[in-house]
Amino acid sequence: MSCQPEELLICVIADLLESDPTVRHVAVGAASPIPGSAVLLCREETGDRPRASIIHGETNNPFTDGAREIFDCAAQGRIDAFFLGGVQIDGQANINLLGTMGEGGYPAIDRRFPGSFGSAYMYFVVPKVILFRPEHSRRVFVNEVDFISAPGVSARDVHRPGGPKFLVTELCLMSFDAERARFRLESVHPPHTVEEVRDNTGFDFDVADTVLVTPEPEADRLNVLRSRVGVEIGHTYPGFASRVFGIEPAK
Amino acid sequence: MSCQPEELLICVIADLLESDPTVRHVAVGAASPIPGSAVLLCREETGDRPRASIIHGETNNPFTDGAREIFDCAAQGRIDAFFLGGVQIDGQANINLLGTMGEGGYPAIDRRFPGSFGSAYMYFVVPKVILFRPEHSRRVFVNEVDFISAPGVSARDVHRPGGPKFLVTELCLMSFDAERARFRLESVHPPHTVEEVRDNTGFDFDVADTVLVTPEPEADRLNVLRSRVGVEIGHTYPGFASRVFGIEPAK
Amino acid sequence: MNIFDNVEALSVRVPDGAFVALPPEYSWVPASLARALIVQGTRDLHVLCVPIGGITVDMLIGAGCIGTLEAAAVSLGEAGLAPRFTEAVQSGSIRMKDSTCPAIHAGLQAAEKGVPFMPLGGLIGSDIEANRDDWRVVPDPMESGNGPIALVSALKPDFAIFHSPKADRHGNVWIGKRRELMVMAHAAKETLVTVEKVVDEDLLADEATAAGTLSNLYVSGIAEAKNGAWPSVLHGVYEADREEIATYAYEAKTVEGFQAFMERALTHTRLAAAE
Amino acid sequence: MNIFDNVEALSVRVPDGAFVALPPEYSWVPASLARALIVQGTRDLHVLCVPIGGITVDMLIGAGCIGTLEAAAVSLGEAGLAPRFTEAVQSGSIRMKDSTCPAIHAGLQAAEKGVPFMPLGGLIGSDIEANRDDWRVVPDPMESGNGPIALVSALKPDFAIFHSPKADRHGNVWIGKRRELMVMAHAAKETLVTVEKVVDEDLLADEATAAGTLSNLYVSGIAEAKNGAWPSVLHGVYEADREEIATYAYEAKTVEGFQAFMERALTHTRLAAAE
């Protein structure tokens, strides 16, 4: 069964969650349909894990203490995994969600994006942050970000129970080692190659002894994704569900 | 019309609220039936002022953000007057709600009372705190309290928009001057005398040039108190309404 | 989250020495669960009253369950002083951490936010502050021109326990406007709740009920306990049993009177536990 | 507290230069009130997005109402970048105070508690923090062994403004589980609210509705505004008008397109104001 690029990425992320039994609760922020689908897929496949909290959603939303609750909840250690992206991401996992800077740097903005959202906080308090940025190019994966919305690593004396663990792009899956402050290439999505990853990455990274070929999702898995998961994620992201899964919102 | 001691005190306090147009909102804490009745009486008589918030009450209770809201509300400057008492009160308006101390002082307790409640906070943030302690004796009005639940005055560099303004007892009404950190006798309730106040007060205080005789409440006022105010306060303090006004709780 | 068959299935989860947050008598106190703790002989609890205690805490003290008590006050309200509390503090048989209401709320809010402390107005010059090693008065670190400020430490209970009119089958608990119960649950590691009734409706499904609901995300265990706040009030469900509280206030003035009172009060709890 | 006849009676209370807190698009944004501010030609507002902005803020920027903007992000969600915001920040025509969601919530909580700052986890090493003169990173004043901590300043808006499905005749406002609206109102000096409908029931009379109600203690003015959140969502009442937002996202990419769009969008508002 042929698989769309979004579907492969959903499965890659779902595998990162399924393989880690400490992930009991995952929160998904605004405008995150692929990570959101991955969490729901994982739950369909494990039967119960993880609890998925989709903020701003009307379903799968346990929060009744207002917009601050997700942040408090994370600081309490009750959220095990979260997703962040970036306009730019550098080799030390610094992320920039703000934009590219003009002459002299911030606040002179060259190209502005929405902003840092809760990244400067969630990156510190959630144990397993998965960086997710489909576009894999030297414009995104730079040697040094123009603006640090949230730093990849912190000085030893800074209280930081959380941080980046993986990076998922349209080309590959990388892991991140906070001690060494470096990414390592773990698997490459077919039909791409290690060289292609290297050519399109502006920072230096390690390469696993055996770089895997990312497995394509099986037909059963795609069926679950296109039916139950698609309908559920469509409640929060109707445009995405329509475009990727062809599921139109219920009237 | 003969008047009970509690009724006189209610009227004295009501006058302090009615005569001050800056008092738009009064909060009444736990176990405060006399101050609570005074606020309700004031509102009956002015027609609309002040708003009365009786915490823990099911009626006249605007708070929907839990037990902390009254404190936050006061810190926001939205509560103009509040009542505090004391096991001991000294001449600098330090109040002790905790108890009398044994040899060597706190934590060696001689006689323990409930505790300081929110006094260490409300005394600082509410502009007009009225101290209310019916028992007027040297056991209560001491030269120096055994334990300062909340201090009467603060150093100049301490942010303190609030503090004590008046003291109401079974014998008299005193005002408090924070600059001089001293009470001043303003009026004495009939049939008591200035000498009686002095004999029963363990601290030094100023005496107004003309000490007034506290006026006894008029019949109309007592009627309002014993009918509308009595019924309303009975919702929160059924025992008090029954004992003082002879109003039994509605079934 | 589990829904258990009886209150004892909750009480056994609370070990000796646990740090337990308890609501005040006017806000859905878990009286039935407290009696189960007494029957099981719990010892050395560190109880945090949020922010004041009443008959339930007094019983726990009298029964010897409490080692350390933190509260802004303990009282039986209109029924007068809390007799076992008064005696215990005067004799020094419990360790008392005297506090003030907003400091307890702020300490729980600090734990809710995962920060080590919360700044708070007032307090400066109070002997409460002077006797708290875990609070500090510091120069305003923001130099906002308002002088020194008090900082109170985060309060992170092992357990928040309370009673509620209802929970749903998913473990979402109705708290109404008793938001201190939500802060307690957020601050605590675990939350155990007794309810009058487990209901079929999903409390989170409708915005109208969701507004007053604590999510099961924070709840470890629930059990039904009919009249679980008795003799205290459960607003909207039943009033306080003023006669029972007045009887307690009178009888518990002596150790013997307290024991006789508890003997009667615990009979039902013991019978239920033995079933 | 007053209940006014129309939205303009609220908008005229907001002077040029006011510090105004605004909820996000998904949480009962006062779109109709914002359009009234545009029509009346309000200038130099300091707008605080709690914590992010959408089409309403973008319109206020495009119409020249905003001098300073504080937000964790501004976006049209699925419809893409917020075009007037993007242009204004790139050209430097507004002063942007970049923040992060929990810092905005914590700053409002500080104002709610009347303290000058709130401690907050994270932030350290972020360029957001590095560029905020009103935040500080200090050694932990409690020496709890957790290293340095960030402090964010209190945020005290002059006005909190939002839209709600209903208020009662006393001015108590239904907020459901949108508790950020309550924190905004507590932190702000005044709160102005548009509602779909003023209802006869007393929202505080019943614990079930009181749980989701903001007391009139915090509310200065209310006016009915049918479809007052449109084109954004009002949960439980109407969905977002995705087509309208997509049209805006496309047309507002140029100044001319924005003006043409607003000409159409404001016609109704102007007519209502002229009535």
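Each chain gets a letter, A, B and so on, in the order its sequence line appears, and its residues count up from 1. All figures in this text were calculated on a predicted structure; none of them were measured in a lab. Values below: every heavy atom of this structure, side chains too, minus hydrogens, waters and symmetry copies.
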If you count heavy-atom pairs within less than 4.5 Å of chain A, which of D/Asp98, D/Leu123, D/Ile124 leads? D/Asp98

Restricting to non-hydrogen atoms, name the atom on D/Glu78 and the atom on A/Gly239 that form the minimum distance, rounded to 0.1 Å. OE1-N, 3.5 Å

Got a sec, which residues hit ring-ring contact (aromatic ring centres under 6.0 Å, His included) with A/Phe183, two or more places apart in sequence or on another chain? A/Phe176, A/Phe203

Checking heavy atoms, do the side chain of D/Val183, its backbone, both or neither come under 4.5 Å from chain A? side chain

Given heavy-atom pairs under 4.5 angstrom as the criterion, report whether the side chain, backbone, both or neither of D/Ser27 touches chain A. neither

Who wins among A/Gly66, A/Pro33, A/Ser149 for the most heavy-atom pairs under 4.5 Å with chain D? A/Gly66

Just verifying a value: how many Å separate D/Asn131 CG and A/Phe147 CZ, rounded to the nearest 0.5 Å? 5.5 Å

In terms of heavy-atom pairs under 4.5 Å, which option from A/Ile109, A/Ile148, A/Leu98 contacts chain D the most? A/Ile148

Would you say A/Arg139 has more than 12 foreign heavy atoms packed within less than 6.0 Å of its CZ? no

Look at atom CD of A/Gln4 and say whether more than 12 heavy atoms of other residues, nucleotides or ligands are closer to it than 6.0 Å. yes

Region of A/Arg156 in contact with chain D, defined by heavy-atom distances below 4.5 Å: neither

Quick check on the structure: residues of residues 143-157 of chain D within a heavy-atom distance below 4.5 Å of chain A, by number. D/Asn146, D/Gly147, D/Pro148

Let me see the working for A/Arg68 and D/Gln109 under side-chain contact (heavy atoms from CB on, under 4.5 Å), right down to the final yes or no. CA-CA 10 Å; A/Arg68 76 160 182 263; D/Gln109 283 183 285; 3.4 Å; yes

Kindly say whether A/Arg112 contributes a backbone atom to a donor-acceptor pair with the side chain of D/Gln90 at under 3.5 angstrom? yes

Any pair with a residue in residues 74-113 of chain D that passes ring-ring contact (aromatic ring centres under 6.0 Å, His included), sequence neighbours left out, goes on the list, sorted by first then second residue, please. none

To check you understand the geometry: which heavy-atom pair defines the closest contact between D/Tyr26 and A/Ala67, and what is its length? OH-CB, 4.3 Å

Between the side chain of D/Thr100 and the main-chain N/O of A/Phe117, is any donor-acceptor distance below 3.5 Å? yes

Check each atom of D/Met182 against the heavy atoms of chain A and say whether the ones under 4.5 Å are side chain, backbone, both or neither. neither

Reported OH-to-SG distance for the pair A/Tyr121 and D/Cys101, which is rounded to 0.5 angstrom: 11.5 Å

Charged N to carboxylate O below 4.0 Å: is that the case for A/Asp65 and D/Arg178? no

Winner by heavy-atom pair count (cut-off under 4.5 Å) against chain D, out of A/Ser116, A/Ala155, A/Ala108: A/Ser116

Side-chain touch D/Asp127/A/Tyr106, heavy atoms, less than 4.5 angstrom: no

Is it true that, when you exclude A/Glu144 itself, more than 12 heavy atoms of the residues, nucleotides or ligands shown sit nearer than 6.0 Å to its CD? no

Does atom CZ of A/Arg111 have more than 12 heavy-atom neighbours from other groups under 6.0 Å away? no

Can you check whether D/Lys177's main-chain N or O pairs, donor with acceptor, with A/Thr64's side chain at less than 3.5 Å? no

Proximal to chain A - members of residues 69-77 of chain D, heavy-atom separation under 4.5 Å: D/Ala72, D/Ala73, D/Val74, D/Ser75

Can you tell me which portion of A/Tyr123 sits under 4.5 Å from chain D's heavy atoms? Options are side chain, backbone, both or neither. neither

Can you tell which part of A/Asp72 gets under 4.5 Å to a heavy atom of chain D, answering side chain, backbone, both or neither? neither

